[in-house]
Structure formats: structure tokens, C-alpha cells
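In listed order, ligands and their atoms are each counted from 1.
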Amino acid sequence: MKVTVCGAAGGIGQPLSLLLKLNPQVTELALFDIVNAKGVAADLSHINTPAKVNGYQPASKEDTQAITEALKGTDLVVIPAGVPRKPGMTRADLFNINASIVRDLVANIGRTAPNASILIISNPVNATVPIAAETLKKLGVFNPKKLFGVTTLDSVRAETFLGNLIGENPDNLRGKLSVIGGHSGDTIVPLTHTNNAIAKKVDNLSKSQYDEFVHRVQFGGDEVVKAKDGAGSATLSMAYAGYRFAENILNSLNGTSSSQEVPDSAYVYLPGVPGGDKLVKEKLNGATFFSVPVILKNGEVSDFVNPFDKLTITESENELIKVALGGLQKSIEQGTNFVTGTKL
Ligand code: NAD
Ligand code: LMR
């Protein structure tokens, strides 16, 4: 299987590419970046695993050969390209720079590798995924089942923070919690009652412990931005999270399905997946992109777990969802409008 990383020389791109190089299912790893892609590729290529690693770096702004070569025949493209936050910024402040980076990379995917699964990490995810969708639509190659906004870091954080609070190994919480909504502040909604044993422990927490848990999941990114003090945002935990979701895709391409109680979520265009349109109309107030647990087959969404039908949602979680929907609508419109009227 060929995997392409766009933004491979960055803070996320490098450790993510390392993790992908260690996966024996990957036979070819294409590392694309506007700087240092060849250096990172040369370094990783010495690791004694099967994946052949190549670096692709454009010689100039006009050079499209590097990206075309990087994408040719690829099965999976992961995009952590773009600028990260500095203290005092929101993810939305990254829109002006990252919107066109994502649009242009995705346009190249649409032209060269329209059948690849696409994982968008670049922020603001709530808007960059609609940008990607609109770009692919314009090119006439949009497959909603293969476009994913990576929200896995929110689940990773929820598992860690809750595990520490209730005295459970955080790794055992994978699949026993679910995080839905979007990927930014109060659009992130952790669901803590999907597993009975965990729900009981959550019910034993004090209100302030529970509120702090929710706040940390929603604003965990800010903790890292503050601690890095101008040197960027989460990179290593994100590389782990991005790899975790990429591995889900690779496993599905190899015919293996998740054995988790609740599979990992991703931010997807719901009207494009079976049963999604009904959810958008009945429960999401028209928000067409939403992160839900996705069931994967052959690199695409074959089904999803409808949280309102299949998972227990508490009253306070329902309130969180209402708040999340307001924020999401604006970002979805912003992303969609950015591409409408632009020439690709
Ligand atoms: P970084 O600045 O360390 O790396 C970004 C890389 O992208 C750089 O190497 C840069 O050269 C490259 N790049 C820029 N323009 C490019 C282009 N047109 N084509 C290819 N590569 C290009 O930043 P980072 O810390 O790795 O973060 C990257 C993005 O991921 C940011 O937008 C950040 O907000 C986002 N992020 C998302 C999540 C999430 O949960 N989805 C988590 C953490 C960070
Ligand atoms: C995160 O959640 O850590 C990322 O989205 C990066 C950020 O800007 O917080």
C-alpha cells in the first residue's frame, strides 16, 4: 500500500511519517513538503522495514511535478500541512493561510489520485474538511466516504484525562468513550456513558471533576499551545492520533475491521454516507459535517454509529451538542464559501 504525507517535514509530519514507516502494511511512503522532504525521507529510509521511502519537494511555486509524483497511485493521503497556532490564537485564526494550502493540495489529489482515502489534519478542521469536499466536488470526484477530518486527538485526550480521573489504564478506555461534534473548543463533545462500567465511575465524579474533564477535552489543544509558548501546538500526541486513524484505514484496506465497542470517530460529510442525511435533518439542525464513530471497509466509511440511536447521551451532553452545532454551522459555511467562486 502506498501512503502519501503532505507536510511531511513538519512537527506532526515527521513523527507521523516515522510511525507509518514502522507499519509493515505500508510498501511505499511518499513524503511531500515544500521544505526538507528529501532530508526526512533519506533519514527514514534507513529504518529496516519494508516501506520504500521517497521525498518530494517542488523546485519552485510553479513546479507541480513533485506533488504529482508523490500522489501517483497512492491509497491514502494524510495532510498535516499548514501553520500551527501561537498563544492567543484560535484555530479559526489559521484559516487565512491554511485554507488555500488545503484547497490546492486536495485539488492535486482530485486530479492525480481521486480514489485515495484522504485524512485532513490541518486546522481549522471544522472548515478545512468542507474546503476539501467542495474542491473535490468542483473537480467532479468527491467521494464523501473517503474524506475524513482527523478528530482522533480529542478521543485520545478524553481517554487519557478520564482514565487518570477514574483510576483506569487510559488505553483500556479506547472504544469505551466516544467524542463527537467538531475539532475546536466547544464543538468537541465527549460522550461518557457509552459503556456501563465506565458510566458508573463517571457518575461517581463530583460536578467540578466532570466539568473540568469536559473542559480539558475541549481545550486540551490550548494547554499544549500555552506550554510550547510560541513554538507551535500539539505535534507528538497528534502524530500518534493521526497514525491511529491512518492505521484504522490501512487495516480496513487489508480487510480487518475494528474490534472496539465503539470505533474511532472522524469528521465526515454525513449526507454522503448511508443514513447520514436523516441524522443531519433530524438531530443536527442541518450541520452537514459532524464527527461520528465510523465503521470502515476498504478505506471508506461503510456505516457509522448514530450516537442518538445507539449510544447513551446524558442531559448535560445533549446541552453540549446544542452549543457545538452553532459553532459548526459557521465553520462549514466559511469553508464551503471559500471554494465557491474560486478557480482551481
Ligand atoms: P509545522 O509548521 O511544524 O509543519 C507544517 C508543515 O507543512 C511544514 O513542514 C511546512 O513546510 C508544510 N507546508 C506548508 N505549506 C505546505 C504546502 N503547500 N504543501 C506541503 N507542505 C506544506 O506545523 P504542525 O505543528 O505540524 O501542524 C500542522 C497543522 O496541523 C496545523 O494547521 C495545526 O493546527 C494542525 N493540527 C491539527 C490537529 C488535529 O487534531 N487535527 C492537531 C494538531 C495540529
Ligand atoms: C490540538 O487540538 O492540539 C490541535 O488542534 C492544535 C491546536 O491548535 O490546538
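Annotation for N169: atom CG counts as buried by contact number, over 12 foreign heavy atoms lying within 6.0 Å. Annotation for K137: atom NZ counts as buried by contact number, over 12 foreign heavy atoms lying within 6.0 Å.
When heavy-atom distances to ligand 1 are checked against a 4.0 Å cut-off, I101 comes that close only through its side chain, counted from C-beta outward. The residue M238 has no part lying near ligand 2, judged by heavy-atom distances below 4.0 Å. Residue-level proximity to ligand 2 for M89 is absent, since no heavy atom of it falls below 4.0 angstrom. Residue contacts with ligand 2 for N123 involve side-chain atoms from C-beta outward but no N, CA, C or O (heavy atoms, distance under 4.0 Å).
Residue V224 places no heavy atom under 4.0 Å from ligand 2. The shortest separation from a heavy atom of P80 to ligand 1 is under 4.0 Å, placing the residue in contact.
In terms of polar-atom proximity, N98 is counted as a contact of ligand 1, with an N or O under 3.5 Å from an N or O of the ligand. Considering both main-chain and side-chain atoms, P84 never comes within under 3.5 Å of ligand 1 through any nitrogen or oxygen pair. In terms of polar-atom proximity, defined here as any N/O pair under 3.5 Å, R85 does make such a contact with ligand 2. For V125, no nitrogen or oxygen atom sits less than 3.5 Å from a nitrogen or oxygen atom of ligand 1, counting backbone and side chain alike. For V35, no nitrogen or oxygen atom sits less than 3.5 Å from a nitrogen or oxygen atom of ligand 1, counting backbone and side chain alike.
Partner of H183 under the side chain to side chain donor-acceptor pair (under 3.5 Å) criterion, out of D154, N126, T152, T151: D154 alone.
Note: F289 and Y269 have tilted aromatic rings, judged against thresholds of 30 and 60 degrees for the angle between ring planes.
The protein heavy atom nearest to atom 20 (C) of ligand 1 is F32 CE2, 3.5 Å. Distance from atom 42 (C) of ligand 1 to its nearest protein heavy atom, with residue and atom name: M238 SD, 3.1 Å. Regarding atom 41 (N) of ligand 1, its nearest protein heavy-atom neighbour is I121 O, 3.1 Å. Among all protein heavy atoms, the one lying closest to atom 5 (C) of ligand 1 is G82 O, 3.1 Å. For atom 4 (O) of ligand 1, the closest heavy atom belonging to the protein is G10 CA, 3.2 Å. Considering only non-hydrogen protein atoms, atom 11 (O) of ligand 1 sits nearest to D33 OD1, 2.6 Å. Looking only at heavy atoms of the protein, atom 27 (O) of ligand 1 is closest to I12 CD1, 3.5 Å.
Compare A81, S100, S184, A241 by their heavy atoms: the one nearest to atom 21 (N) of ligand 1 is in A81. Residue nearest to atom 32 (O) of ligand 1, selected from V83, V150, T235, L31: V83 (by heavy-atom distance). When the heavy atoms of K228, R157, H183 are ranked by distance to atom 40 (O) of ligand 1, first place goes to H183. In this comparison of K226, Q218, H183, the heavy atom closest to atom 5 (O) of ligand 2 sits on H183.
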**OP:** Test ring pair (Phe, Tyr, Trp, His ring centres under 6.0 Å) on F148 and F245 and set out the steps.
**Re:** CA-CA 10 Å; F148 305 86; F245 198 76; 5.5 Å; yes
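Interatomic distance, D264 CG to S155 OG, rounded to the nearest 0.5 Å: 5.5 Å. The structure places CG of N123 at 9.0 Å from CE of M238, a figure rounded to the nearest 0.5 Å. Atoms CG and CZ, on D222 and R85 in that order, are 4.5 Å from each other to the nearest 0.5 Å.
Atoms of ligand 1 lying under 4.0 Å from at least one heavy atom of L94, given by number and element, are 34 (O). Every atom of ligand 1 with a heavy atom of N123 under 4.0 Å away is listed here by number and element: 32 (O), 33 (C), 34 (O), 35 (C), 36 (N), 37 (C), 38 (C). Of all the atoms in ligand 2, the ones that sit under 4.0 Å from a non-hydrogen atom of L153 are 1 (C), 2 (O), 3 (O). Listed by number with element, the atoms of ligand 1 under 4.0 angstrom from any heavy atom of G11 are 1 (P), 3 (O), 4 (O), 26 (O). Atoms of ligand 1 found under 4.0 Å from any heavy atom of A234 (numbered from 1 in listed order, with element): 43 (C), 44 (C).
Y243 pairs by the ring pair (Phe, Tyr, Trp, His ring centres under 6.0 Å) definition with nothing, not counting sequence neighbours.
Nearest approach of T288 to P271, heavy atoms of both residues: O-CD, 3.4 Å.
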